[in-house]
Amino acid sequence: MAFKLVVLAAFVAVANAGLIGAPVASYAAAPVAVAKTVVADEYDPHPQYQYGYDVQDGLTGDSKSQIENRSGDVVQGSYSLVDPDGTRRTVEYTADPVNGFNAVVHKEPLVHAAPVAKLAHF
């Protein structure tokens, strides 16, 4: 492995010295001017949306969901997922310009206990 690293470093050194291919400086690109177009119709003074999803996969046990609503600068929502310790974590959150971001976390055990494997006696 060390031999491969030394060979790679030697190749990079030779390439940077300009002995292989074109000199490194020739790869520098000329600056490109980018014009920004601002369209007055793109600004929404009171943005609104509703968003949500729900995943319940019986094969893998993946269980998660989220909902979120926005009206202007006020966002409210919640999400839940199953933690590795077998509890469901639910987070309810709000965000607004006055109070900032606030979240309340709830944890509850799932009703279904994990099956216990029986050991065979020989």
Side-chain angles (χ1 to χ4, degrees):
M1 179 67 183
F3 178 72
K4 291 180 183 178
L5 185 60
V6 170
V7 170
L8 178 63
F11 181 74
V12 170
V14 170
N16 282 334
L19 300 175
I20 298 177
V24 175
S26 67
Y27 291 113
V32 177
V34 177
K36 291 186 178 181
T37 305
V38 177
V39 179
D41 294 338
E42 290 181 12
Y43 177 73
D44 185 358
H46 191 79
Q48 296 179 352
Y49 66 80
Q50 292 181 343
Y51 171 80
Y53 68 85
D54 186 31
V55 175
Q56 304 298 324
D57 189 348
L59 182 63
T60 64
D62 192 13
S63 173
K64 55 190 164 194
S65 63
Q66 180 179 3
I67 58 169
E68 183 173 290
N69 298 308
R70 178 177 181 176
S71 179
D73 291 336
V74 178
V75 178
Q76 296 177 331
S78 69
Y79 66 89
S80 69
L81 60 120
V82 176
D83 281 332
D85 65 357
T87 59
R88 176 173 299 282
R89 179 179 7 146
T90 303
V91 179
E92 297 172 345
Y93 59 90
T94 59
D96 61 54
V98 176
N99 300 309
F101 178 80
N102 292 293
V104 177
V105 180
H106 306 280
K107 286 190 84 146
E108 59 188 69
L110 295 177
V111 239
H112 304 294
V116 177
K118 292 186 178 183
L119 298 176
H121 292 96
F122 293 101

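Given the structure is predicted, the values throughout are model-derived calculations rather than measurements.
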Inter-residue atom distance E108.CD - T87.OG1, 0.5 Å rounding: 8.5 Å
Least distance between heavy atoms, Q48 atom then G72 atom: CG-N, 4.5 Å
Shared hydrophobic cluster for V55 and Y51 (ILVMFWY, side-chain gaps under 4.5 Å): yes
Nearest-0.5 Å distance, CD of residue Q76 to OG of residue S71: 9.0 Å
K64 NZ to D54 CG distance, which is reported to the nearest 0.5 Å: 11.0 Å
Gap between atom OG of S65 and atom OH of Y79 - 0.5 Å precision: 11.5 Å
From CA spacing to verdict: side-chain hydrogen bond (donor to acceptor under 3.5 Å, both in side chains), Y49, E68: CA-CA 8 Å; Y49 66 80; E68 183 173 290; 2.4 Å; yes
Cluster overlap V75 with F101, hydrophobic side-chain contacts below 4.5 Å: yes
Non-hydrogen atoms of D83 and L81 that approach each other most closely: OD1-CD1, 3.4 Å
Straight-line distance of D85 CG to L110 CG, nearest 0.5 Å: 9.0 Å
